[in-house]
Amino acid sequence: MESQYKIESYDLEYEKAFQLLKQNQLFEAKELIILSVIPGMLSHSQQAKASSNSELIQFINSKLSDVYNTIGYIEKKSENLDVAEQYFKQSLSLHRTPINEFNLRHVHNPNPPDPPTISKKQSQQYFKTPSRPSIIEINDTVKKVYQKKIKTFFKNSKPTILISGHLPIDNTGYSGQTYYMMRCFQELGYNVCVLGWNANNFIKETYYPFTFDEMIDIMRQRIQLTSFKEHNLDKLDTLQQSLFFTAIIPDFPRYITSPKPFQTLVNIIDPYCIVCLQDIYVLPFTYFTRYTISWLPIHYIPLDHLTKRSVPKFDKLVALSKFGQEKIQEGLPSHTVDYLYHVLDTTKYKPISTSITKQQEHRVQLRMKWKIPTDAFLITILSNNTEPSMRKAFDVNLNAFIDYAAQNPQAFLYIHTLENCAYNIRNHLESCPDIQGRFLICDQQKYSHRLYHDSDIVEIYQMSTIILSATCSEGFGLPILEAQACGCPVITNNFSTPQELTHYGICTEFETMKYHGDWDAYWSIPSQSNIVKALCEIETWTPEIHEEKQHTLVDFVKKFSYSTIRDQWKDILPKPITTVSIQQRLFDILSLSKQPVKPTLLYKFLPVDTVI
């Protein structure tokens, strides 16, 4: 298709911009793109629209999509993450036509607004790096007040573990795993503090130790305290025995290039150990002053360079899967890497009955409650729609449903996520006339205010025929496990961790690999046709096949049980040391039976105020 059109002047300008990028001249490249390339493309697009040349419009939009993606890349390199995200969204919203075999994405006819025209004067202001709040500092008086509150709250001499990750208040996998870590560490004899990076808009409260009730109270605009407590009675004891901190960088997410914020928190808490459950590439600083474990997701092959640069400061690496362990070990041969799965709560995520007949009867009742056709072949997509990278591959999965729905008149789609965040799901579905009235998107206000709870998610799994989760890559993919445990088969993509988690369902082969320059690594693009084939195959499964697969699932999920993961944490964590004597403390560290500590790391276990 590309050869049908002549080279435009803006194409030559875009090539110049690429040469500037290769020389790392980000400012000059961005200025050239915004002042010359985009206006030229938009003008050409208007001419194509005036002549009703739809093929040319699609071609220009595909190039414009790439241009916006390039500016997003530049903004990301400049650490202007909010601006980068807007450009990535603009890129993904454009109609992208498959120009060659490697461009497999296809979006159904969105109609995005044109970007605002930027004058030369405005552009000079625009190119300035926005000011960011400086690292928040506290004086010794405030520090002592915070320390006193922590000491008064815990009322014991147990060592403390600081968890760096998500606050356990969201309906996400990482938030849920934070809770299970808290419970596990408390049972193993530790006090627990949690640093929640998903609470990043409370600048005045930086470093303040919140109780659980205080934390929920300040987040009342995002979550309803009464509702949360009513639906999480089993969690309250663990949560109320812990202290919480909001993001220690006020304008997070961004790269944290200085160890100072973590060190300030260490000086307040004096933790025995830090456990990070998060992407570590946002932490490119060089050291921690406490023994620190990274329980990290891996999304790419080979191990991406951003993760590599962040690894040296960690004392222990623990992958979320065998896939992650293998890729870290290949990329960092000198490191010893463990792996530890996420917890699957089989007391909560389970079928209503072992009888397939009773499961089907219950499914009908649930569908009546959720206003879904009782006789539908119900395909459910349940993923967070917040990543501009399109890692969740909503476009491919939605197109697969559209293709399958043309073959099966009973096919119905339920979407449980934000309908228009990183990807415009509603626009995609409503642009296809053949499936109107055959999909339902969850209540957006209820979803945004976290009013869907674990019990609702269980019902979603139990009422679904299939959970469709064929993503480009997964750090873990907890919904895949939860769905199977509830008696619902899954369709996944054979890349990264899902291949280890798919037992009751089909793990499809992907279409191709996609290179990500920022990461210098690859992930996969799921195959639309293979997803359709998997849907057709599961449609033919008899009740006997379902019963047999569910029966063998019982043993499969045992390795994800809470008790199994807790016992593995016991071996991974440094042995708790409660002795007051510094000499005895050092002796105990040297004699650790499970996790020997190098002599050069001994200082990380000393109390904050120790003078050597």
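Heavy atoms only: backbone and side chains are in, while hydrogens, waters and symmetry mates are out.
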Legend entry - Test of ring centre spacing under 6.0 Å for Tyr522 and Tyr515: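 Close enough - the centres of the two rings lie under 6.0 Å apart.
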Inset, instruction - Could you tell me whether Phe262 and Phe285 have their ring centroids closer than 6.0 angstrom? - result: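 Yes, ring centres under 6.0 Å apart.
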Could you tell me if [Y] and [X] have a donor-acceptor pair between their side chains, going purely by distance under 3.5 Å?
{"X": "Tyr208", "Y": "Lys149", "result": "yes"}
{"X": "Thr552", "Y": "His503", "result": "yes"}
{"X": "Glu387", "Y": "Tyr423", "result": "no"}
{"X": "Ser164", "Y": "Trp197", "result": "yes"}
{"X": "Thr417", "Y": "Asn384", "result": "no"}
{"X": "Thr289", "Y": "Gln263", "result": "yes"}
{"X": "Tyr300", "Y": "Trp523", "result": "no"}
{"X": "Tyr180", "Y": "Asp345", "result": "yes"}
{"X": "Thr471", "Y": "Glu474", "result": "yes"}
{"X": "Thr264", "Y": "Asn267", "result": "no"}
{"X": "Thr492", "Y": "Thr502", "result": "yes"}

Exam field: side chain [X] to backbone [Y], donor-acceptor pair closer than 3.5 Å:
{"X": "Gln241", "Y": "Gln186", "result": "no"}
{"X": "Gln325", "Y": "Val337", "result": "yes"}
{"X": "Thr497", "Y": "Ser321", "result": "no"}
{"X": "Gln278", "Y": "Leu283", "result": "no"}
{"X": "Asp279", "Y": "Tyr281", "result": "no"}
{"X": "His305", "Y": "Asp518", "result": "yes"}
{"X": "Gln240", "Y": "Thr238", "result": "no"}
{"X": "Trp295", "Y": "Leu340", "result": "yes"}
{"X": "Thr292", "Y": "Phe288", "result": "no"}
{"X": "Ser524", "Y": "Pro526", "result": "no"}

Inset, instruction - Have a look at Leu162 and tell me which of Cys276, Cys193, Cys273 forms a side chain to side chain contact (heavy atoms under 4.5 Å, CB included) with it. - result: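 Going through the options one by one, the only one that passes is Cys193.
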Inset, instruction - Could you tell me whether Asp315 and Arg290 make a salt bridge, using a distance below 4.0 angstrom between a side-chain N and a carboxylate O? - result: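 Salt bridge absent between Asp315 and Arg290.
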Inset, instruction - Provide the closest heavy-atom pair for Pro168 versus Met182 in the form atom of the first, atom of the second, distance. - result: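 So the minimum-distance heavy-atom pair works out to CG-SD, 3.8 Å.
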Side-chain donor/acceptor pairs under 3.5 Å, residues 558-566, sequence neighbours excluded:
| residue | atom | partner | partner atom | Å |
| --- | --- | --- | --- | --- |
| Lys558 | NZ | Asp555 | OD1 | 3.2 |
| Ser561 | OG | Lys558 | O | 3.0 |
| Ser561 | OG | Ser563 | OG | 3.4 |
| Ser561 | OG | Thr564 | N | 3.3 |
| Ser561 | OG | Thr564 | OG1 | 2.8 |
| Tyr562 | OH | Cys184 | N | 3.2 |
| Tyr562 | OH | Glu187 | OE1 | 3.0 |
| Tyr562 | OH | Glu187 | OE2 | 3.3 |
| Thr564 | OG1 | Lys558 | O | 3.2 |
| Arg566 | NH1 | Glu187 | OE1 | 2.9 |

Legend entry - Residues that Asp456 engages under side chain to side chain donor-acceptor pair (under 3.5 Å), provided they are two or more places apart: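 For Asp456, no residue satisfies side chain to side chain donor-acceptor pair (under 3.5 Å) once neighbours in sequence are set aside.
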Inset, instruction - Quick one: list whatever passes side chain to side chain donor-acceptor pair (under 3.5 Å) with Gln499, sequence neighbours left out. - result: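 None.
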Inset, instruction - May I ask you to check whether over 12 heavy atoms, not counting those of Lys151, lie within 6.0 Å of atom NZ? - result: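 No - once you tally the heavy atoms of other residues, nucleotides and ligands closer than 6.0 Å, there are 12 at most.
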Inset, instruction - Measure the NE2-CD distance between His342 and Gln177 for me, rounded to the nearest 0.5 Å. - result: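 If we round to the nearest 0.5 Å, His342:NE2 and Gln177:CD are 4.5 Å apart.
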Inset, instruction - Examine Lys158 relative to Tyr190 and say whether NZ or CZ is less than 6.0 Å from the centre of the six-membered ring and inside a 45° cone about the ring axis. - result: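 So Lys158 doesn't make the cation-pi contact.
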